[in-house]
Amino acid sequence: MIICVLTSSRADFGIYLPLLKKLQDDDFFDLKLVVFGTHLSKAHGETVNQILENGFTADYRIETLPEKDSPKGIADGMGKTMTAFSSFWNEYGQNFDLVVSLGDRYEMFAAVMAGVPFQLPIAHLHGGETTLGAIDNVFRHAITLASRYHFVSTEEAAERVRELTQTVDHIYNVGALSLDNINNQHFLTLSEFKDKWNVDLSHKTILTTFHPETISLHENARYADELVEAIEQLKDYQLLITMPNADTNGNVIRKAFIERFTGSKQVFLIENLGSQGYFTAMKHCSFLIGNTSSGIIEAASFGKYVINLGNRQKGRVCGRNVIDVPIETTKIVVAARQIETLPAPGFDNCYYNGGAADKIIEVLKRP
């Protein structure tokens with residue numbers, strides 16, 4: 001069975017990883033990776049190298065990155081991606097038994113939509129979720145409608161997919177694939193992490209990832225300033241910040257971080273930690289601040305509290321470890337101080353369902 005997997009960024013590759021390993025190791029499957037988006041961008045860490053370092057081949061590379069992160073730039077990038085994939089599907093689409101997509105990003109949407117006229121069999125991971133503070137919500141649901149197979153992370157997501165597709169066929173609640181990474185992860189030691197990233201996680205550390213809210217674009221500069229001011233008031237912590245995705249207005253956030261924290265001995269800016277580095281940091285950090293899905297989906301498995309900022313993740317199913325806070329300096333600082341007084345967390349993860357990769361493989365092998 002020839003499986004084509006679409007990967008456009010560090011985020012989806014890290015989630016895919018346990019499934020990719022099983023597909024690669026099983027003679028039943030012939031795995032082909034289509035690499036595009038920020039993977040091929042030097043400014044975003046050229047993360048195609050992580051794919052190669054993990055023992056995979058970038059079978060096809062498609063240049064699709066937008067030139068700017070303005071609304072027009074993103075729209076132009078979507079058009080560029082659709083045009084590139086139109087040619088790709090026309091030449092290679094008939095070679096694949098299944099095309100696998102993940103998530104909700106605009107470039108993934110464009111790649112999948114270009115395949116619709118070719119009637120490609122699409123499998124979608126993480127459909128049915130909701131993020132009301134991001135335009136990705138639209139892209140996610142559109143990918144769901146274009147897909148034949150649905151591997152969802154919760155029963156709530158499964159129900160939403162049933163509502164969207166008006167069918168109960170080929171919808172499988174397998175849990176969140178990224179949690180398989182945690183169960184099988186070889187974590188870096190503190191000394192290994194320090195040697196690689198020059199950050200000593202034995203100190204009190206807040207792990208931070210903050211992306212723009214793509215619904216309220218005009219507010220992102222203010223949001224960045226509010227978060228920067230909060231960080232500067234949390235002087236008894238060191239901050240490890242992973243930089244934002246290539247979203248609309250993402251450079252506004254990047255600029256605020258770079259201008260205020262370049263050269264700081266308290267705040268460390270890292271483009272991309274990779275799955276091993278990121279999960280090592282999550283394991284050892286005091287808690288998380290930001291608005292990334294990893295705070296919603298993965299942090300509970302590490303027993304970590306999360307200060308979830310603003311509306312980007314609004315609508316996602318959350319565990320008891322998630323504390324929703326407006327993007328206001330004073331409220332962020334107050335929430336951080338409150339976490340210090342809370343009992344040591346111990347949380348069940350509502351996104352775990354017993355090993356997603358094995359469940360997906362089982363479905364794919366059915367006659």
Side-chain angles (χ1 to χ4, degrees), residues 5-24 31 33-58 61 65 102-103 105 107-108 125-126 176-202 205-211 238-247 250 253-254 257 267-285 288-290 292-299 301-302 304 306 356-357:
V5 176
L6 302 175
T7 177
S8 70
S9 71
R10 68 189 190 191
D12 68 48
F13 177 72
I15 295 171
Y16 275 136
L17 195 54
L19 177 61
L20 295 179
K21 289 178 179 177
K22 289 183 180 294
L23 291 173
Q24 186 180 59
L31 174 64
L33 284 181
V34 179
V35 179
F36 61 110
T38 56
H39 276 311
L40 306 179
S41 165
K42 289 185 178 180
H44 292 86
E46 208 166 11
T47 50
V48 63
N49 292 324
Q50 288 185 6
I51 295 174
L52 304 179
E53 289 165 4
N54 276 278
F56 300 100
T57 301
R61 302 187 187 205
L65 195 68
L102 187 151
R105 290 189 56 78
E107 60 266 54
M108 189 67 72
L125 282 66
H126 278 280
L177 182 57
S178 63
L179 300 181
D180 288 19
N181 279 321
I182 298 171
N183 293 336
N184 302 312
Q185 185 64 257
H186 169 69
F187 296 99
L188 297 171
T189 64
L190 292 178
S191 60
E192 287 171 338
F193 191 93
K194 185 177 181 180
D195 288 344
K196 186 169 185 178
W197 301 109
N198 198 31
V199 178
D200 186 353
L201 292 177
S202 67
T205 304
I206 302 172
L207 180 60
T208 301
T209 304
F210 185 72
H211 302 298
Q238 66 181 7
L239 275 289
L240 176 55
I241 298 178
T242 61
M243 299 299 269
N245 291 331
D247 285 324
I253 309 242
R254 285 174 171 270
F257 287 162
V267 182
F268 301 89
L269 305 179
I270 295 179
E271 185 63 47
N272 175 32
L273 289 166
S275 294
Q276 184 186 49
Y278 186 74
F279 286 135
T280 298
M282 193 178 292
K283 177 182 178 182
H284 292 287
C285 74
L288 289 78
I289 293 178
T292 176
S293 61
S294 63
I296 308 296
I297 295 174
E298 287 124 17
S301 291
F302 289 92
K304 302 295 180 179
V306 179

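Values reported hereafter were calculated over all heavy atoms of this structure, with side chains retained and with hydrogens, waters and symmetry mates removed. Keep in mind it's a predicted model, so treat the numbers as computed, not measured.
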* To do: Calculate, to the nearest 0.5 Å, the distance between atoms CG and CG belonging to Asn54 and Leu17 respectively.
  => 5.0 Å
* Are Ile297 and Ser178 close enough, and set up right, to give a side chain to side chain contact (heavy atoms under 4.5 Å, CB included), and what steps lead you there? -> CA-CA 8 Å; Ile297 295 174; Ser178 63; 3.8 Å; yes
* Asked: What are the two closest non-hydrogen atoms of Ser8 and Met108, and how far apart are they?
  -> OG-CE, 4.2 Å
* Asked: Taking C-beta and beyond as the side chain, do Ile51 and His39 meet within less than 4.5 Å on heavy atoms?
  -> yes
* Compare every heavy atom of Thr38 with every heavy atom of Arg10, then report the nearest pair and how far apart it is. => N-OG1, 4.5 Å
* **Nearest-0.5 Å distance that lies between atom OG1 in Thr208 and atom CD1 in Ile270** => 11.5 Å
* Do the side chains of Leu40 and Val35 get nearer than 4.5 Å, heavy atoms only? -> yes
* To do: Quick one: pull up CZ in Arg254 and CG in Leu269 and give me the separation to the nearest 0.5 Å.
  => 10.0 Å
* Asked: What is the minimum heavy-atom distance between Gly277 and Leu188, and which atoms define it?
  -> CA-CD1, 4.3 Å
* Look at the side chain of Gln238 and the backbone N and O of Asp200, then say whether any donor-acceptor pair between them is shorter than 3.5 Å. => yes
* From CG (Leu240) to CG (Leu201), nearest 0.5 Å -> 6.5 Å
* Asked: Relative to each other, are the rings of Phe279 and Phe302 parallel, tilted or perpendicular (30° and 60° limits)?
  -> parallel
* Grab the two heavy atoms, one from Gly14 and one from Ser275, that are nearest each other, plus how far apart they are. => CA-OG, 3.3 Å
* Is there side-chain contact between Leu125 and Ile15, with heavy atoms separated by less than 4.5 Å? -> no
* Structure fact -> Note: Phe36 and Glu107 closest approach over all heavy atoms is CE1-O, 3.5 Å
* For Asp12 and Arg105, run side chain to side chain contact (heavy atoms under 4.5 Å, CB included): C-alpha distance rounded to whole Å, both residues' side-chain angles, the deciding distance at 0.1 Å, then the answer. => CA-CA 9 Å; Asp12 68 48; Arg105 290 189 56 78; 5.7 Å; no
* Go through the structure and list residues passing ring-ring contact (aromatic ring centres under 6.0 Å, His included) with Phe210, not counting sequence neighbours. => none
* Output the distance between atom CG (Leu33) and atom CG (Leu31), rounded to the nearest 0.5 Å. => 4.5 Å
* Decide yes or no for Glu298 and Asn181: does some side-chain heavy atom of the first lie under 4.5 Å from some side-chain heavy atom of the second? => no
* Asked: Taking C-beta and beyond as the side chain, do Phe13 and Thr47 meet within less than 4.5 Å on heavy atoms?
  -> no
* Which atom pair, heavy atoms only, marks the closest approach of Leu190 to Ser202? -> CD1-CB, 4.1 Å
* Asked: In this structure, are over 12 heavy atoms from other groups packed under 6.0 Å from Asn198 atom CG?
  -> no
* Do Leu273 and Phe193 come close enough that some side-chain heavy atom pair is under 4.5 Å? -> yes
* Asked: Is the closest side-chain heavy-atom distance between Asn272 and Met243 below 4.5 Å?
  -> no
* To do: Please check if the side chain of Lys304 supplies one atom and the backbone of Leu288 the other of a donor-acceptor pair under 3.5 Å.
  => no
* Would you kindly say whether Tyr278 and Thr242 are connected by a side-chain donor-acceptor distance under 3.5 Å? => no
* **Partner of Val34 by side-chain contact (heavy atoms from CB on, under 4.5 Å), out of Val5, Leu6, Thr7** => Leu6
* Taking C-beta and beyond as the side chain, do Glu271 and Glu46 meet within less than 4.5 Å on heavy atoms? -> no
* To do: Could you tell me the separation between the OG atom of Ser293 and the NE2 atom of His126, rounded to the nearest 0.5 Å?
  => 7.5 Å
